[in-house]
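Structure first, then comments.
Just so you know, these numbers come straight off a predicted model, no measurement behind them. Just the heavy atoms: all of them, side chains too, but no hydrogens, waters or symmetry mates, feed the values below. In what follows, every chain begins at residue 1, and chains take the letters A, B, ... in the order their sequences are listed.
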Amino acid sequence: MISFISRRIAGAGAVCLGLTVVLFILQHMSAVDPVRILVGPSAPQSVVEEARHRLGYDQPLVVQWFHYLQGLVTGNLQTSLRTQRPVTTDLGQYLPASIELALFAIVIATVLALTLGLLTAARKKGSGLFSGGLLALSSAPTFLLALLAVLLFYSTLHWLPATGRISVDNPPTGPTGLLTVDGLLHGRLDATVDAVRHLILPATCLAMLPAVAVGRVLRSSLTTAMGSEYVRTARAKGMSNSRILFRHGLRNSAVTPLSMAGLQLGTLFAGLVIVETVFAWPGIGLYLDQSIPTADFPAIAGTTLLLGVGYVLANTAVDIIQTVLDPRIVR
Amino acid sequence: TGGSPASSSGSGTTTLRLALSADPSPLDPDTYYEAEGLQITTATYQGLLTYEPSSPKITGLLATSWSVSPDGKTYRFVLRSGVKFNDGTPFDAAAMKASFERRTALKGGPSYMLAAVASTEAPDATTFVVHLKQPVVPFLDYLASPYGPVAVNPTAVAAHATGGDHGAGWLATHSGGTGPYVLSDVVKTTKYELTANPNYWGTKPYYSTVDFSVIPDFSSQSLELRGGQLDMVLHGLDTRDYTSLAANPVLQVQNFPTLFKVQVWVNPASRVFGAIPVRQALRDSLDTKTLTSDVYGNRASASTQFYPVGMLPDGAVADTWSPSPDALKTAVEADKGRDVVVGYYGDNSLKQLANTLQVSLQQAGLSATVRSYNPSQVFALPTTPAQRPDLLLAAMNPDAVHIDTWMSVYQEAQAPVNFLGCSAPAGDALATRAAATADPQQSLDLYEQAARAYQSSLCWINIADLNDTIAASSKLTGWQHLLPWIFTVDLATLRPKG
Amino acid sequence: MADRVVHEGGPGAGAPVVVAVRGLSVTFAARHTPPVHALRGLDLDIRAGEILGLVGESGSGKSVLGACILGLLPERPTPLVTGSVMVKGTDMLTSPESSRRLVRRLDLGAVFQDPMSSLNPTMRIGQQVVESCGSEEEAIRLLGLAGIPDAASRLRSFPHELSGGLRQRVMIAAAVAGNPALIVADEPTTALDVTVQAQILTLLRHLLDEFGCSVLMVTHDLGVAAQVSDRIAVLYGGRLAELGPTHAVLTSPRHPYSAALLQSRISLGSDPHRPLPTIEGEPPSPTQPSTGCPFSPRCALHAADCDVRPPDAVIQSDDAERRVACLHTDQILTLTTRPEPAAWAIPAHEDRPPVVSVRNARKEYRVRGGQRSDRIVALDGVDLDVRPGESVAVVGESGSGKSTLLRAIAGLTVLDTGTVTQIGPGRPQVVFQDAGASLTPWLSVGSLLAERLQGQGLSRQGQRERVERVLREVGLDPDVARFKPARLSGGQRQRVAMARAVIVPPPVLLCDEPTSALDASRAAAVLNEITRLRGELHMSLLFVTHDLGAAHFVADRIAVMYMGRIVEIGPARQIVTAPSHPYTRSLLDSVPELERPLAPPTGEAPNPVQLPSGCRFRTRCPIVQDLCASRPAHLVGVGAAHLVDCIVFEPQRSGT
Amino acid sequence: MTSLVLRARAPWTSVTRVRGRLRIGGGLLTFAIITVVALGAPLVAPYGPLEPIGRPFQPPSARTLFGTDDVGHDVFSRVLYGTRQSWASSLVVVLVGVAVGLLIGAVAGLGPRWLDEILMRVTDAFLAIPAILVAIAVAAALGPSLVHALVAISLVWWPYYARIVRGEARALRQRPHVEAAVASGISRHRVVVRHVLPGMASTLVVAASLDIGYVVLTLAGLSFLGLGAAPPTPELGAMAAQGLSYFLTAWWIPIFPALAIAVITFAANVAGDAVAARAGGGR
Ligand SMILES: Nc1ncnc2c1ncn2[C@@H]1O[C@H](COP(=O)(O)OP(=O)(O)OP(=O)(O)O)[C@@H](O)[C@H]1O
Ligand SMILES: Nc1ncnc2c1ncn2[C@@H]1O[C@H](COP(=O)(O)OP(=O)(O)OP(=O)(O)O)[C@@H](O)[C@H]1O
Ligand SMILES: [Mg+2]
Ligand SMILES: [Mg+2]
């Protein structure tokens, strides 16, 4: 198990290195001049070169990469060209928002997926309709989904806010950076409620794709489980359907959906970038989105690496949970 | 949330709610050099001079009067007395001197405006003297430019300077100026809050706070404006949006003239458009009036002068022609079917223009394709000739109203933003001489000659003069706007109707 | 149909009835497939406290009947059910799910075929028993009764941590919880080794005397039924063929099918010198049932009146306990006294040097997920010779290393140490246990067979002819060549597999349990086939099986394996009649014969990862001595070509 | 990780036979129609994708079914071509993925252990970071263009298939029929080609068909971030994304391409399920 995890982490490390290399080369090839953007279009060339030198962009690629790696080990991801602050500082600032959004999305996705799976497995009426509808929703491009949601729930129905994390005055700050939690910690229920209202739309849009992906797998493995012989045994014992579903069905069919969930985290991260842009959600997705047009390489690389690491950790966790869930799994 | 425009959220404070489409780069006036967020710097900082609203006429701001030595090398300013920085520190010549030095020291983009400054003096509190190495014709315009040198509170800088950054780190999210507003609260990628400067020397603004929330998606901005969550959308909507907003009784759309010119940049290396006659034909084939009204509605007016308004006396270098649609067809007979790339840099309107241009090129028998450029690509063009399109549609605006700020930035052969490297040596020579000529009238004459040289090079084909278009709640009035501004209005003069 | 006159009665009828099945018909109607008639009008009673053995070949409807009694028919394909199944006054077909569930909880218990898949793999066995018995103490008690050593400590172990036998004991413990009126046991021992099967059967018997509940013992093996049941019901084509007291049915069957079943049964007594009697033809198709008696197409007594309508199982005039569904029971004796088929002409194998000889073969497997040190010794110093034309059977329980040995000879497994030398041209061919799975599903039979003719310089035409010939040889229609394996029946697939092996006659034919998945009559046919081919093609034969009967039938010599070692090897007859090794003996005593009590070995087979020191069998050996622990024995001769791997027989001791 | 992807990429048993049948009809039909449209776009489309046919911003009408866009292109025609474009793109990505994956996976699954070790380490490494993130990073570095986006995605798409194939190969290798083939003494090459590889077809087809929709969405996402096809390329994602600014004033410009995307994805999913149901049944 330990060796397995370490192998996984090592692999991830390798990728991150590889990724930086790729990015460096690509960025060098690509016909963009970040420095020019940085100092401003009409600044004279002298000023540009000045800045280029200051930022070390005039050094050979290998040297630049080496410096980047040096920074990496000391947790320093260079300075963003756009915000001119250390990328780590920026990420540190935007991360909580993304985490909160992602967590909510995960919760919603889980609920949807479970409903999808259980409805079908329990052969409830309308399960087909439900899953069909969900599938249809998840087939729409996320940004369209998001805009339609805004149009409907914000400008037409006036039910939910469309942008930002919170709209109460002087919202609670610290310790966690998750407004919902901090609200509770500071006894600011209004803040928590408001934060949740802001979360609903983006989180739901974000949850759609993963929910369906996981839901389908869950549905399949649940159906298999419910057709299995140990479930027949349980029936023969005279247990009620629902008890069987939860006691015998669910746990045995959890493994596959879990790994799917792990994979879907990738989709979720990608969705963050889009959803945060539409809903003006101040997270790393938005950060990445704003870094792209200015070719803010340190920011792009930093964000990607951060998300990558998160992804690996999450999937490793998934594997551990699985071994707990199913005693037969050995790694 | 919600509420009526310009809502009074209790306790006598009146709030104006605006949106930014992205986090502006650090708001330190000595390095800040972009459009998004100019609204904030202009409201928080002031320079010695400024322009009169919507006019090229320079007027005093922190300086009440000024004189220039005959050799054009010494500028002497009498400073406004009784001015305080927002923290109460009195503003004086020393402060101005410090500000000049700070800008030079920071070597930011806009620092080039002071590149020629030899030294500055502050003989007494209200006298500020600048010595130049050589005459800089547009110097006064630089001082009036929104990106020009402004008064930055030296005590604040001293207090917050860390590691020789001259307080840049702190000023990225705070303000230390003499402007009507103070940057009082910044939550990056979320909100920027301005509050009225308690120590402002001028008439207090009506709105005691101005909130900017970062809303990247313009549809959302438009929705929030309609829904009353925003009082103003500074830019980013498309023509039809503005039309429908203008039709909306509770909203209004304001258009202010700017120095923006929508131009077709010609690539001299182009197989087709390298030849002057072809450029000529291209120009003649364009019906700028129809184009402009089709694409921009009243967000722009067809260009009639070769340079933005106020840079040269009206009509000095007129730039109109009677469109002859099939001029091009005959001109490119030889190049039938040749591939040409029409690039564009900017919003959907420019995309539209690019496509229309593409169509007429097609009809002329060329096989034209459209390519879009994002900022990082387009500003790399001067250094990456391989990436250059045959024609580039772009709308640029200079830092100040002076013609030099246009020629030296966009037109001279070595100009930093001469995208396609097209230029006219004759023009360059004249422009250089003009810039070095102290006597205003003489240099103006030289500039006019340079202008004609550039015009006849047909490196640039003007299409339209863009307005700064602002959509807002119809309750707002008291609009003021300066020519070089963009995405910006004078917040201090805004107030509710009646 | 419930109001039909039912011919139950007679002496035993006095006993109260737990389950009354009346006119039960079950048809599975899937949307795109023809309806499957699983049961067609069944009347049956299960009396209090009796064990009713329900026998019949695969597809005869045994499991479906069991499911009906439990009220657990699969929802789809939707079954059409008529008739009634009354359990303790509740109709398990029509009454609401809630009340059926109540009956299941209170009055019924169930034991299914495969204990591994029938237990929840992610739930501790303790919980699973508690689910049906309520309290942990009770669970411990039951597990104890089910013969699980120190049950209390096992409560927290997961199914996959137990041996097959223990798992089945857990199932049984759960089944007898809250002592139900009836336990439905659907082939509870089919998946188990003979020794374990024998243990389980004895356990069942013993438990019933304890709890006094009745059992429906579903099995396809008459022997098993014979061992435990009071009465035997023979099912054929979804109908009751014969029902009666065990002894009576086994000694004097009245239905031609029962009779044929008894004759074709492979047992230690079957005569190896002549073909086994088999039932001609194929079993009835469940999709187009015949109008008349389902058995008539294969029946020797078949007459015109048989095909009018299916005969009901009527009470016999002379014996009210027996019911037979045949119009010609009077002629039954003509069947049982049929002339035996002619003996085969198998050339006695010459004493030329062996075609295959294995020397000191050793093979270890690393245990997945265990420590690096954990190894399973699949083969440990095995020597074996197969002479030209000779037939050697390797018997042993699951995990004893039979297949590994065979795979080593076939060259599919590389030995860790030791040698496999093969004299003569051509490589050995293998017929695998699961013939169906050993045929590539997406290739036609023809191409599968032709494949082996590559590089024989045959024209397409020539190849086709060879294929057709070999198909006829194994008794298949040449058209089969065009079919994909999926279209063939189990028996046919087995034959195709054989054809594939012999289309180019190999020096040695290796068979890995070719019959263990087949019904008695099919198995008999296959054994006949193998023996015949062996004679005709002068092949040697290595036959791996866990069935001593089959071994005795096909083999000249039998090698008995235990935990990776050959513990005894000798002439088939001697091994079966006069076994020397205690393990061989207990193996023999575990074989469920019709009229012989079982004497299975005690205890569990040791964990292959930590084998006992010295002799591996000592932990279960009835004649164990202290020396056994000290060192492993080595093979010693106890007769002509008869070797035993047991200290007791080693010279210096046998002297004293 | 080993079986992670394999397990994760197995949503196909999901469809019960009955629903399977119902869906197979609808799904495959839509699928077929889309493919036809994609292939026949030039024939079906009333106008060329880049040819302005009238005034911009014309709402849907009899002449222009989906209205005209900001340049006066016929949105309907562009959607048809876009369908073709997106279709081809996702097909390319998936096929490249399958090809590379098949090669690497098969070598790993059937080759010697050490080779398997190496190849799978590499694959794991690739899988350790979500494909789409890498795609974003790469496309961002390369600059916006459909080709770049495709390159970016293809670059990171194959490992999934490598995993699937490798797993399948390992599984098949243990299957009795392969053993039997080996035992029957035919050449190793023949065993691989005739007895092993065909066995992967269904799994691969299923995985691929379920993926197509996902790729289309991914492309759309990249386009939204300005990393996809640059205008005026008729690529659905780009059309929808760049049309977003007209969301409120000329809804038909972004909505119809987006709907097309949704339909493709939906059909691909359903059809994938259907294929899966078939494959599942076949097993
Ligand atoms: N769920 C089902 N769907 C369709 N047909 C079924 C189903 N269950 C059983 N059958 C059919 O009903 C008939 C009887 O099946 P059953 O399982 O009772 O036979 P069996 O005697 O138990 O055979 P075996 O000894 O192999 O278990 C067979 O033809 C079988 O194909
Ligand atoms: N490929 C393998 N990997 C690991 N262990 C194996 C493998 N093959 C066989 N074994 C182990 O080796 C031992 C002998 O296996 P083998 O299949 O030869 O027994 P067998 O007598 O054929 O059993 P069965 O009657 O069930 O076929 C068993 O404990 C089995 O678990
Ligand atoms: Mg059965
Ligand atoms: Mg075996």
Side-chain angles (χ1 to χ4, degrees), chain C residues 30-33 75-78 368 403 406-413 425-444 447-456 484-486 493 496-504 506-513 517, chain D residues 1-3 7 13-25 110 112-113 116-117 167-206 274 277-283:
Chain C
R31 190 168 307 190
H32 297 268
T33 55
E75 278 102 352
R76 62 172 60 90
T78 337
R368 221 174 133 268
S403 300
L406 178 138
R407 292 166 49 79
I409 295 174
L412 294 173
T413 298
R427 62 181 284 163
Q429 287 299 314
V430 188
V431 176
F432 289 91
Q433 169 165 10
D434 185 347
S438 71
L439 303 175
T440 309
W442 52 83
L443 293 178
S444 75
S447 47
L448 273 171
L449 296 181
E451 206 167 46
R452 285 207 55 216
L453 299 173
Q454 301 294 331
Q456 301 244 340
K484 297 260 170 66
R493 289 186 206 150
V496 172
M498 228 178 302
R500 187 190 198 181
V502 302
I503 187 167
V504 182
V508 192
L509 181 63
L510 309 171
C511 301
D512 191 348
E513 317 213 9
Chain D
M1 190 100 174
T2 309
S3 48
R7 284 191 262 112
T13 35
S14 66
V15 190
T16 67
R17 275 197 149 305
V18 181
R19 176 175 285 104
R21 286 241 159 52
L22 291 181
R23 285 230 195 133
I24 286 174
L110 303 170
R113 262 232 147 282
D116 178 35
E117 272 297 315
E168 277 288 297
R170 281 234 168 276
L172 278 167
R173 201 176 169 169
Q174 306 300 332
R175 290 268 290 284
H177 75 256
V178 178
E179 285 236 307
V182 175
S184 74
I186 61 178
S187 72
R188 176 158 184 69
H189 162 264
R190 204 179 165 75
V191 172
V192 172
V193 173
R194 282 170 55 96
H195 296 265
V196 177
L197 290 186
M200 304 176 180
S202 63
T203 317
L204 270 180
V205 168
V206 166
R278 286 271 167 83
R283 289 274 171 66

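With a 4.5 Å cut-off on non-hydrogen atoms, D:Val196 touches chain C through its backbone but not through its side chain. Proximity to chain D is absent for every atom of C:Ala410, based on heavy atoms less than 4.5 angstrom apart. Heavy-atom distances place no part of C:Pro485 under 4.5 Å from chain D, backbone and side chain included. Interface remark: C:Leu439 contributes backbone atoms only to the contact with chain D (heavy atom separation under 4.5 Å).
Pairs of residues two or more places apart, or lying in two chains, that qualify as salt bridge (Lys or Arg N to Asp or Glu O under 4.0 Å) and include a residue from residues 189-202 of chain D are C:Glu451-D:Arg190, C:Glu451-D:Arg194.
Most heavy-atom pairs under 4.5 Å with chain C: of the set D:Ser187, D:Ser184, D:Ala201, D:Gly185, this distinction falls to D:Ser184. The greatest number of non-hydrogen atom pairs below 4.5 Å with chain D, out of C:Gly436, C:Ala437, C:Gly426, C:Pro428, is found for C:Ala437.
In this structure, C:Val430 and D:Ala183 approach most closely via the heavy-atom pair CG2-CB, 4.0 Å. Between D:Pro198 and C:Trp442 the shortest heavy-atom distance is CB-NE1, 3.2 Å. C:Arg500 approaches D:Ala180 most closely through the heavy-atom pair NH1-CB, 3.6 Å.
Listed by chain and residue number, nothing satisfies the salt bridge (Lys or Arg N to Asp or Glu O under 4.0 Å) test with C:Arg427 (two or more places apart in sequence, or in another chain).
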